[in-house]
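Some notes on the structure that comes next.
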2 protein chains.
Amino acid sequence: MHRVGKLDNWDEIRTAFQVARKGTVSGAADALGVHHATVIRHIDALEGRLGVKLFQRHARGYTATEAGQDLLQVAQATDDQFTQLAGRIKGQGEGVSGDLVITSLDMLSAMLTPAMVAFQAEHPEVRIRYRTGDRVFRLEYGEAHVAIRAGSMPEEPDNVVQPFMSQRLSLVASEAYVARRGLPKDVDDLPNHNFVVFDNEKSRAPFGIWLRERVPEERFTYRATDNRNMLDAILAGAGLGFVSSQLLDHHPDLIEVIPSEDSWTAPLWLVTHVDLHRTTKVQAFLKFIKAHFKTVASS
Amino acid sequence: MHRVGKLDNWDEIRTAFQVARKGTVSGAADALGVHHATVIRHIDALEGRLGVKLFQRHARGYTATEAGQDLLQVAQATDDQFTQLAGRIKGQGEGVSGDLVITSLDMLSAMLTPAMVAFQAEHPEVRIRYRTGDRVFRLEYGEAHVAIRAGSMPEEPDNVVQPFMSQRLSLVASEAYVARRGLPKDVDDLPNHNFVVFDNEKSRAPFGIWLRERVPEERFTYRATDNRNMLDAILAGAGLGFVSSQLLDHHPDLIEVIPSEDSWTAPLWLVTHVDLHRTTKVQAFLKFIKAHFKTVASS
DNA sequence: CCGACCCTGTGCATTGATGAACGTTGCGTG
DNA sequence: CACGCAACGTTCATCAATGCACAGGGTCGG
């Protein structure tokens, strides 16, 4: 059903608004940048649809009836609202404020958090929201502005991808485990040990593939879905496991079992949605985080 | 100068509003009754003009960015406002409320006022504004809804004219004047008397013409621009003068000098502007006032 | 009293917006 | 894994909205 008299055409209201303001069709046409014939047609259409005269025509121009004056007030308020809206939206695109949503694998949390805190300190107007979780947050649905992804370069069409840094991994065990089971002599000795792994059969992480090629699945004695929990398990002596190399500094009781292989290192990517990539807020964050880790790396 | 980013196209905002509501281009197109290609073009144009993405495109539809959500809120408010406006305007055209502006020669004030009061009593929602004055209030400029005009039928193009009633005039004098100067014997005796006249040389009122044909201008010893003042002058004995025949009932000290001639009677016309004539408010008043004076005349 | 100017209003040519059709992509389902 | 569905996105033909030109009428100033 289509109710009669519903205002279906907002542009005609805008035209009527200008006519009511200026008092003449010609003046309104000039203000709107259209031909005065168009203005007349808009008014006629609007009045025809409403069934009420909005203006009285006379040689000096158009004067608003009561209905026209009512429309004038409403449209004036609307015009103000839209002007403010335009200002906000344009300012929003240019300024660094509002929410900035970042997502990554929770494995990277320890590394990223200091950087995000520093960024927020530099831009007090912005509120950081850091989202990690078992599922991958999707940029397409507006769930995050920036994602830090690991592994092979993402190739989703609407995402703009930048190389970020390399995530080096180490195969470690806790002192407690080594005291009990000893260190593997070499790679071939690995099947004789227990492993703490991520509970994802079809993980395409290179170190996961590397491990599955050398160690039968029965040795994956502890499976977790959370990196934090995996670390706890390794520290508790559940077995060998892969952790971010940076963690070795913070956990002296972790012992590197065998030398880190280059194939394990997963590149990290800064990913943004193409719709948001141009905004200064996102750009500011990307620039900041790249500079931040360049400094950290060089220091 | 034309500021960039000003929202020049309210229809595009309306389109974006529906997209933000429905979440999909197709849904919005369906709601708007247009093709979905049109919706896409509107969004693209709007985003291009603002320089900010309002939506993130993905396979499941469009989700609003922060800017899009801001627009959604503003446009939602606007839609509500316009809906209410449409309701008010349509109701206004149908109902009998608001101002009702009536204008006439002030000579008719005494006759019209009771009718207008009775009309207002019947329609409490309406506020009567009765405007008399030296100048003629013009319907074209929206100065009045209804005019009561005397004399020959008005023929302005945008006015709709209805015959109302006849205004019978009498040539009278006060008892004081008659006591001092006596009554004229007949028409030919009139130049020997003084006259109270309306101060308008080129009055086309038939009684005025009739008088000027028979009495030299020197005998117009009292000229007034106000009917009320003319009546006062006649009552004070300034001379003979034309008054509405109905006044004889209220002023017993007025004496009819010679029998009223048919040529003096001026027809009265109910005049409305074509733009307002169709409104129920005006129609209600016209119907009421015609019935009112029909009853009065027949009683 | 008259002429110049401004504003409205309308018929006709044109442009820009719209609609239809098709292709593509992603997602869910059996 | 294949299929179907739903949604976006583009291209081309069409049509309605627009702009243009001119006529008509009223007002204002000299």
Side-chain angles (χ1 to χ4, degrees), chain A residues 8-12 14-16 18-49 53-64 135-136 138-143 154-159 202 273-275, chain B residues 8-12 14-16 18-49 53-64 68 135-136 138-142 154-159 202 273-275:
Chain A
D8 276 349
N9 197 323
W10 288 10
D11 271 338
E12 289 177 357
R14 181 167 185 266
T15 302
Q18 288 295 342
V19 173
R21 266 173 73 94
K22 303 284 180 180
T24 68
V25 168
S26 305
D30 192 44
L32 292 167
V34 298
H35 201 270
H36 73 269
T38 303
V39 175
I40 292 178
R41 284 186 281 250
H42 279 184
I43 301 298
D44 288 347
L46 198 54
E47 288 181 341
R49 205 167 302 146
K53 291 288 177 185
L54 295 171
F55 300 95
Q56 301 207 34
R57 290 111 167 103
H58 51 83
R60 295 291 298 275
Y62 279 33
T63 57
R135 74 187 182 89
V136 175
R138 309 192 56 169
L139 297 179
E140 291 79 14
Y141 287 66
E143 292 181 323
E155 284 181 355
E156 282 121 273
D158 289 341
N159 290 358
K202 49 193 174 301
H273 194 276
V274 67
D275 288 350
Chain B
D8 276 348
N9 197 322
W10 287 11
D11 271 339
E12 288 176 356
R14 182 176 139 86
T15 303
Q18 287 295 344
V19 173
R21 267 174 73 95
K22 304 284 179 180
T24 69
V25 169
S26 306
D30 192 43
L32 292 167
V34 296
H35 201 268
H36 74 270
T38 303
V39 175
I40 293 178
R41 283 187 285 252
H42 280 185
I43 301 299
D44 288 347
L46 198 54
E47 287 181 341
R49 205 167 303 143
K53 292 289 177 185
L54 294 171
F55 300 95
Q56 301 209 35
R57 292 116 168 98
H58 51 82
R60 296 292 296 274
Y62 279 32
T63 56
R135 74 187 182 89
V136 175
R138 310 190 56 167
L139 298 178
E140 290 79 11
Y141 287 65
E155 285 182 353
E156 283 122 272
D158 290 341
N159 291 358
K202 47 191 177 298
H273 195 277
V274 68
D275 288 349

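If you're wondering where the values come from, they're calculated on a predicted model, not measured in any experiment. The chains referred to below are lettered A, B, ... by the order of the sequence lines, with proteins before strands, and numbering in each begins at 1.
Taking atom CD of residue Gln56(B) and atom P of nucleotide dG9(D), one finds them 12 Å apart after rounding to whole Å. Following rounding to the nearest Å, Glu12(A) (CD) and dA17(D) (C1') show an atom-to-atom distance of 11 Å. Straight-line distance from the CG atom of Asp44(A) to the C1' atom of dT10(C): 11 Å, rounded to whole Å. Rounding to whole angstrom units, CG of residue Asp11(A) and P of dA16(D) are separated by 19 Å. One can place CD of Glu47(A) at 13 Å from P of dT8(C), the figure rounded to the nearest angstrom. Protein atom NE2 of His35(A) is 16 Å distant from nucleotide atom P of dA13(C), rounded to whole Å. Going from atom CD of Gln18(A) over to atom C1' of dC7(C) covers 18 Å, rounded to whole Å.
Taking only side-chain nitrogens and oxygens, Thr38(B) never comes nearer than 4.0 Å to OP1 or OP2 of dA17(C).
With rounding to the nearest 0.5 angstrom, the CG atom of Asp275(A) is 10.0 Å from the CG atom of Asn159(A). Between the CD1 atom of Ile43(A) and the CZ atom of Arg57(A) there is a distance of 7.5 Å, given to the nearest 0.5 Å. The line from CG of Leu54(B) to CG of Asp44(B) is 10.5 Å long, rounded to the nearest 0.5 Å.
Judged by distance alone with a 3.5 Å cut-off, no donor-acceptor contact links the side chain of Arg41(B) to the base of dG9(D). Taking 3.5 Å as the limit, the base of dG26(D) and the side chain of His58(A) contain no donor-acceptor pair of atoms between them.
Ranked by how close their nearest DNA chain C nucleotide is to the 5' end, His42(B) and His36(B) are led by His42(B). Between Ala37(B) and Ala37(A), the one whose closest nucleotide on DNA chain D sits nearer the 5' end is Ala37(B).
Heavy-atom minimum distance, Glu12(B) versus Ala45(B): OE2-CB, 3.5 Å. Heavy atoms only, all atoms of each residue included: Ser26(A) and His36(A) are closest at CA-CB, 4.3 Å. Of all the heavy atoms in Arg14(B) and Asp8(A), the pair that sits closest is NE-O, 3.2 Å. Residues Lys22(B) and Gly27(B) approach most closely at CG-C, 3.9 Å, considering heavy atoms. Nearest heavy atoms, Ala16(B) versus Leu46(B): CB-CD2, 3.8 Å.
In this structure, of dT10(C), dC28(D), dT10(D), it is dC28(D) that holds the atom nearest to the side chain of Arg60(A). Of all nucleotides listed (dT18(D), dG9(C), dG26(D)), dG26(D) comes nearest to the side chain of Ala59(A). Of all nucleotides listed (dA21(C), dC12(C), dT8(C)), dT8(C) comes nearest to the side chain of Tyr62(A). Residue Ile40(A) places its side chain closer to dT8(C) than to any other of dG28(C), dT11(D), dT8(C).
Residue Arg57(B) is in sugar-phosphate contact alone, with no base atom involved, counting any heavy-atom pair closer than 4.0 Å across all strands shown.
Checked against Trp10(B) for a side chain to side chain contact (heavy atoms under 4.5 Å, CB included), the options Thr15(A), Asp11(A), Asn9(A) give a single hit: Asp11(A).
Comparing the end axes of the helix from dC1(C)-dG30(D) to dG30(C)-dC1(D), each fitted to five base pairs by superposing C1' atoms of four pairs onto the next four, gives an inter-axis angle of 30° (nearest 10 degrees).
Here the side chains of Arg41(A) and Thr38(A) are in contact, with some heavy-atom distance below 4.5 Å.
Contact check of residues 22-33 of chain B against DNA chain D (heavy atom, cut-off under 4.0 Å) returns Thr24(B), Val25(B), Ser26(B).
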